[in-house]
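Quick note: numbers below take in every heavy atom, side chains included, and nothing from hydrogens, waters or symmetry partners. Quick caveat: nothing in here was measured; it's all calculated off a predicted structure.
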Amino acid sequence: MDRVRTIDWRDDHIVAIDQTKLPGELVEMAILTVEDLVDAIKRLAIRGAPALGAAGALGAALAARQAPEHRDRELADLRKSRPTAVNLAWGVDRAAARLGEGPDAVLDEARKVLEEDAVRNRRLGERGADWLAAEVTDHLTVQTHCNAGALACVEWGTALGVVRALHERGRLGHVYVDETRPLLQGSRLTSWELTELGIDHTLVVDAAAATVLARGLANAVVVGADRITANGDVVNKIGTFPLALAAARANVPFVVAAPESTVDPTIPAGHQVEIEVRDGAEVLAIGGLPGTPTLNYAFDVTPADLVTAIVTEDRIVRPALGERPA
Ligand code: MRU
């Protein structure tokens with residue numbers, strides 16, 4: 001689905017696919033202010049770590065046109081609109097570093113972030129496919145969680161970028177997609193992307209994820225990441241940690257596909273990362289009893305010793321063997 005970019009700059013504003021409308025409608029929204037961008041990020045109309053990095057950089061370009069007192073508040077609001085994915089603050093800071101050169105320089109830097117995302121993801125996909133074919137088998141059946149496809153990036157995808165590279169090579173057998181409660185990124189977004197790409201897949205409820213592995217249906221797990229800490233712990237969508245536990249039990253490699261911008265060398269270990277806790281209404285939306293207390297963690301931490309490999313556009317790191325990404 002690279003007919004359109006997930007997020008881009010047009011004339012004097014941001015355009016992005018409204019991911020809350022998928023899979024029913026493919027609708028583009030125009031974002032003219034940082035306030036609207038923050039709102040789109042908070043309600044997950046724009047989501048996925050690399051796409052958030054691009055949004056942060058483009059948001060800095062919008063903010064750069066404001067008077068300094070507004071600009072600084074807007075940049076701060078944007079940076080903290082979602083706390084867990086490191087890419088958001090990384091994108092804001094990278095583009096905002098050129099504020100001293102004027103608004104055009106900030107936009108120029110943001111455009112570079114977008115161009116690089118597309119190129120780096122393709123490299124990452126090829127590297128991941130090479131590694132899986134060499135280390136696992138040349139006929140892969142992949143299980144994935146959440147959405148780490150083109151919709152989570154500017155183009156192409158990370159975990160789904162690996163899947164796409166395998167598909168192009170004729171090395172992909174099948175994909176098992178976890179539904180990903182409560183916001184259903186697996187069933188709404190990953191399933192939609194794979195359908196558009198003509199890639200055979202089967203949707204399972206999250207509670208079936210371990211059973212898919214225990215029954216030998218998938219021979220590799222490939223997921224994305226929101227933040228990878230210096231020791232190789234991986235913060236990703238809630239449900240990733242139990243998937244890694246199940247993969248270890250079934251002796252199936254657990255592979256994390258993420259760009260270098262997701263590696264955060266400033267945080268030593270996963271327990272130090274702020275985990276977003278979202279509104280309980282998301283949990284209660286399907287059949288919940290109104291008023292029931294909830295604990296809606298949006299992400300979890302997979303310890304490094306469960307991570308067989310981290311694939312970035314530049315390297316392979318094997319945390320389970322004691323290798324550290326930073
Ligand atoms: O809450 P979301 O939908 O933004 O969470 C997204 C994920 O957890 C993805 O797996 C991660 O950002 C990697 S996307 C390439």
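For the atom pair CD (Q272) and CG (D233), the distance works out to 9.0 Å, reported to the nearest 0.5 Å. Between the CD atom in E25 and the OG1 atom in T20 there is a gap of 9.5 Å [rounded to 0.5 Å]. Separating the NE2 atom in H201 from the CD atom in Q143 is a distance of 13.5 Å, to the nearest 0.5 Å. Taking CD from Q19 and CZ from R47, the interatomic distance works out to 5.0 Å, rounded to the nearest 0.5 Å. Taken to the nearest 0.5 Å, the CD1 atom of I286 stands 5.0 Å off from the CG atom of L184. Note that the CG atom of L132 and the CD1 atom of I316 stand 8.0 Å from one another [nearest 0.5 Å].
Judged purely by distance below 3.5 Å, without hydrogens or angles, the side chains of D314 and T312 never pair a donor atom with an acceptor atom. Judged by distance alone, the side chains of T84 and D226 never bring a donor and an acceptor atom under 3.5 Å apart. Residues N147 and R188 bring no donor and acceptor atom of their side chains to less than 3.5 Å of each other. Checking T229 against N231 by side-chain atom types alone, a donor-acceptor pair falls below 3.5 Å.
Of the possible donor and acceptor atoms, one in the side chain of R181 sits under 3.5 Å from a partner among the backbone N and O of V283. With E193 contributing its side chain and L151 its backbone, the two residues share a donor-acceptor pair below 3.5 Å. Between the side chain of T144 and the main chain of V222, a donor-acceptor pair closer than 3.5 Å is present. Not a single donor-acceptor pair under 3.5 Å links the side chain of D178 to the backbone N or O of T180. Of the possible polar contacts, none joining the R82 side chain to the L44 backbone as a donor-acceptor pair under 3.5 Å is found. Side-chain atoms of D36 do not come within 3.5 Å of backbone N or O of I31 as any donor-acceptor pair. Proximity of a side-chain donor or acceptor of K237 to a complementary backbone N or O of A298 within less than 3.5 Å is detected. Remark: the backbone N or O of E155 is paired with a side-chain donor or acceptor of N121 at under 3.5 angstrom. A donor-acceptor pair under 3.5 Å links the side-chain atoms of N219 to the main chain of T141, judged by distance alone. Of the possible polar contacts, none joining the E109 side chain to the V106 backbone as a donor-acceptor pair under 3.5 Å is found.
When each of R120, R315, R123 is paired with E260, the salt bridge (Lys or Arg N to Asp or Glu O under 4.0 Å) condition holds for R315 and for no other. Only one option out of L62, L114, V15 pairs with W9 in a side chain to side chain contact (heavy atoms under 4.5 Å, CB included); it is L62.
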Legend entry - Trace of the side-chain contact (heavy atoms from CB on, under 4.5 Å) decision for L88 with R79: CA-CA 6 Å; L88 176 59; R79 254 179 140 270; over 6 Å; no

Inset, instruction - Could you check N87 against R227 for side-chain contact (heavy atoms from CB on, under 4.5 Å), going step by step and ending with a plain yes or no? - result: CA-CA 8 Å; N87 308 61; R227 197 183 291 247; over 6 Å; no

Inset, instruction - Give the C-alpha distance, both sets of side-chain angles, the deciding distance and a yes or no for side-chain contact (heavy atoms from CB on, under 4.5 Å) between V256 and I228. - result: CA-CA 10 Å; V256 176; I228 297 170; 4.2 Å; yes

Legend entry - CA sep, side-chain torsions, deciding dist, call: C153, T158, side-chain contact (heavy atoms from CB on, under 4.5 Å): CA-CA 8 Å; C153 304; T158 60; 3.9 Å; yes

Inset, instruction - Quick one: do D264 and T266 satisfy side chain to side chain donor-acceptor pair (under 3.5 Å)? Show the steps, please. - result: CA-CA 5 Å; D264 183 355; T266 69; 2.6 Å; yes

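Of all heavy-atom pairs between G125 and A165, the closest is O-CB, 3.5 Å. The two residues A96 and L75 have their closest heavy-atom pair at CB-CD1, 4.2 Å. Of all the heavy atoms in A40 and M29, the pair that sits closest is CB-CE, 4.0 Å. Across all non-hydrogen atoms, the minimal contact from G59 to I14 is N-CD1, 4.0 Å.
Criterion: ILVMFWY side-chain heavy atoms under 4.5 Å apart, direct or through other members. Under it, F254 and V212 are not part of a common hydrophobic cluster. With hydrophobic clusters built from ILVMFWY side chains whose heavy atoms lie under 4.5 angstrom apart, V163 shares a cluster with L197. Residues L160 and V136 fall within the same hydrophobic cluster, defined by Ile, Leu, Val, Met, Phe, Trp and Tyr side chains chained together at heavy-atom separations under 4.5 Å. Note on I275 and V307: separate hydrophobic clusters, where clusters join Ile, Leu, Val, Met, Phe, Trp and Tyr whose side-chain heavy atoms are under 4.5 Å apart, directly or indirectly. Under a hydrophobic-cluster definition in which Ile, Leu, Val, Met, Phe, Trp and Tyr are linked whenever side-chain heavy atoms come within less than 4.5 Å, directly or via other members, Y176 and I199 are assigned to different clusters.
Inter-residue side-chain proximity for L52 and I41 is flagged as met; some heavy-atom pair is nearer than 4.5 Å. Considering only heavy atoms from C-beta on, W131 comes within 4.5 Å of T308 through its side chain. No side-chain heavy atom of T190 sits under 4.5 Å from any side-chain heavy atom of Q185. Side chains of V27 and I17 form no contact here, defined as non-hydrogen atoms less than 4.5 Å apart. S187 places none of its side-chain heavy atoms less than 4.5 Å from the side chain of W192. Between N296 and P182, some side-chain heavy-atom pair lies under the 4.5 Å cut-off. Between L243 and L213 there is a side-chain heavy-atom pair separated by less than 4.5 Å. Between V113 and R94 the shortest side-chain heavy-atom distance falls below 4.5 Å.
Within a 6.0 Å sphere centred on CD of E35, heavy atoms belonging to other residues, nucleotides or ligands number 12 at most. The number of heavy atoms from other shown groups lying within 6.0 Å of CZ (R249) does not exceed 12.
For the pair E276 and R278, the salt-bridge criterion is met [side-chain N within less than 4.0 Å of a carboxylate O]. Using a 4.0 Å cut-off between charged side-chain N and carboxylate O, R127 and E313 make no salt bridge. A salt bridge links R10 to E28: one of the charged nitrogens lies within less than 4.0 Å of a carboxylate oxygen. Ionic pairing of E116 and R111 is not present here: no N-O contact between side-chain nitrogen and carboxylate oxygen is shorter than 4.0 angstrom. Using a cutoff of 4.0 Å between basic side-chain nitrogens and carboxylate oxygens, R169 and E126 are scored as salt-bridged.
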